[in-house]
2 protein chains.
Amino acid sequence: MSSTHLSIGDLSRATGTKVETIRFYEKNGLLPQPGRTEGNYRAYEPAHLNRLSFIRRARDLGFSLDQVRALLTLSDDRSQSCAAVDVIARAHRDEVERKIKDLQSLKVVLDQVIESCHCNIVADCAIIESLAPTPEAS
Amino acid sequence: MSSTHLSIGDLSRATGTKVETIRFYEKNGLLPQPGRTEGNYRAYEPAHLNRLSFIRRARDLGFSLDQVRALLTLSDDRSQSCAAVDVIARAHRDEVERKIKDLQSLKVVLDQVIESCHCNIVADCAIIESLAPTPEAS
DNA sequence: GCTTGACCCTATAGCGACTATAGGGTGTAT
DNA sequence: ATACACCCTATAGTCGCTATAGGGTCAAGC
Ligand SMILES: [Zn+2]
Ligand SMILES: [Zn+2]
Ligand SMILES: [Zn+2]
Ligand SMILES: [Zn+2]
């Protein structure tokens with residue numbers, strides 16, 4: 001009950017997280033339930049702010065909430081081997097890598113499709129044609 | 001009522017689309033409602049197959065369902081200018097480009113973070129540290 | 001003392017694009 | 001007759017929030 005308590009709005013401003021999102025993290029077990037004031041307001045400790053910052057940085061790096069949960073659990077048990085941390089981070093990086101490759105080959109196709117449109121009306125549009133099923137063959 | 005009718009399973013196999021997804025497209029106005037057999041089974045015409053193929057190719061290229069709907073409408077009105085088609089395709093390509101760039105800069109950070117972990121226990125783990133809020137500064 | 005306004009609360013529904021489940025009916029082959 | 005593949009509707013779940021409805025709390029100003 002010291003004066004160091006923070007309101008949900010304080011956490012929101014400090015981390016750039018919407019208030020609803022903070023409540024969402026609590027409901028989903030990422031952020032522990034804080035104490036309450038007499039008026040039933042959430043009263044956070046500085047540790048909550050640290051934890052929320054951690055969550056936001058991990059989310060900014062694209063980790064899923066499940067991965068963030070796992071990273072939080074690992075970071076709480078500071079004597080453990082960090083091999084599990086490494087596994088999560090590498091799995092995520094691999095997925096990012098895969099997504100980049102997928103999008104790059106997608107862009108190649110989109111570039112070709114867009115480039116091929118030298119027409120005026122939809123009937124001749126090469127973009128539409130590239131989507132339509134083989135128009136001549138049965 | 002000719003013998004050319006196709007069941008939902010036929011469309012599913014022909015396009016690699018799950019049956020539930022086909023029903024979902026119908027409910028969301030992408031695929032027109034087909035006739036029904038006496039047993040209340042959907043009975044598709046070849047035109048439905050063409051339309052579903054169109055949808056799938058557009059989805060494979062990453063267009064949103066809203067974009068697919070717009071492309072379908074445009075492709076139905078074959079005398080129209082294809083400028084609107086071009087706008088949709090370029091907007092989508094620009095977004096793909098943006099996503100690639102975002103993921104590439106994300107990957108740079110992830111690579112750095114992962115590379116920095118030469119530790120054994122979580123207490124020293126550079127990955128966890130990179131997520132935790134500045135540990136010394138208040 | 002009373003109102004205004006910023007802030008907070010819970011509970012619920014919505015987004016996109018499906019996917020899965022429950023609880024049935026149909027059609028055909030053996 | 002019964003097994004089985006297939007089909008039907010309706011509803012809820014996924015992910016990571018975001019938005020809404022319908023309230024309660026608290027400090028400041030008049
Ligand atoms: Zn306290
Ligand atoms: Zn064109
Ligand atoms: Zn027919
Ligand atoms: Zn480490």
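Here is the naming used below: chain letters follow the sequence lines, and residue numbers restart at 1 for every chain.
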Exercise for review: Give a yes or no on whether the backbone of Thr17(B) and the side-chain of Ser12(B) come within a donor-acceptor separation of less than 3.5 Å.
Suggested key: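 Pair found, side chain donor or acceptor close to backbone of Thr17(B).
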
Tell me: [atom1] of [X] to [atom2] of [N], nearest whole Å?
X: Arg56(B); N: dA17(C); atom1: CZ; atom2: P; answer: 12 Å
X: Glu38(A); N: dA27(D); atom1: CD; atom2: P; answer: 11 Å
X: Lys18(A); N: dC17(D); atom1: NZ; atom2: C1'; answer: 9 Å
X: Arg36(B); N: dC6(D); atom1: CZ; atom2: P; answer: 19 Å
X: Arg59(A); N: dC15(D); atom1: CZ; atom2: P; answer: 12 Å
X: Leu11(A); N: dC9(C); atom1: CG; atom2: P; answer: 11 Å
X: Tyr41(A); N: dT25(D); atom1: OH; atom2: C1'; answer: 3 Å
X: Arg42(B); N: dT26(C); atom1: CZ; atom2: P; answer: 15 Å

Exercise for review: Could you tell me whether the side chain of Glu45(A) reaches within less than 4.5 Å of the side chain of Pro34(A), counting heavy atoms only?
Suggested key: no

Check your understanding: Any side-chain heavy-atom pair from Ser53(A) and Ile55(A) closer than 4.5 angstrom?
Key -> no

Salt bridge or not for [X] and [Y], using N-O below 4.0 Å?
X: Asp10(A); Y: Arg42(A); result: no
X: Asp60(A); Y: Arg56(A); result: no
X: Arg69(B); Y: Asp66(B); result: yes
X: Asp94(B); Y: Arg90(B); result: no

Check your understanding: For Ser64(B) and Gly39(B), take the nucleotide of DNA chain C holding the closest heavy atom to each; which residue's nucleotide lies nearer the 5' end?
Key ->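 Looking at the nearest nucleotide for each, Ser64(B) comes out on the 5' side.
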
Check your understanding: Among dA20(C), dT20(D), dC8(D), which is the nearest nucleotide to the side chain of Glu20(A)?
Key -> dT20(D)

Review point. Of all the nucleotides listed (dT10(C), dC7(D), dC18(C)), which has the minimum atom distance to the side chain of Val19(B)?
Key: dC7(D)

Review point. Where along residues 22-34 of chain A does a heavy atom fall under 4.0 Å from DNA chain D?
Key: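 When residues 22-34 of chain A is checked for heavy atoms under 4.0 Å from DNA chain D, the hits, listed by number, are Phe24(A), Tyr25(A).
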
Revision key, fill the gap. Comparing Arg13(B) with Asp66(A), nearest DNA chain D nucleotide closer to 5' gives the residue Arg13(B)

Check your understanding: So, is Thr21(A) close to the dG16(D) phosphate, meaning a side-chain N or O under 4.0 Å from OP1 or OP2?
Key -> no

Exercise for review: Look at Ser7(A) and dC8(C) and indicate whether a side-chain polar atom (N or O) is within less than 4.0 Å of OP1 or OP2.
Suggested key: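 Answer yes for this pair, as a side-chain N or O of Ser7(A) is under 4.0 Å from OP1 or OP2.
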
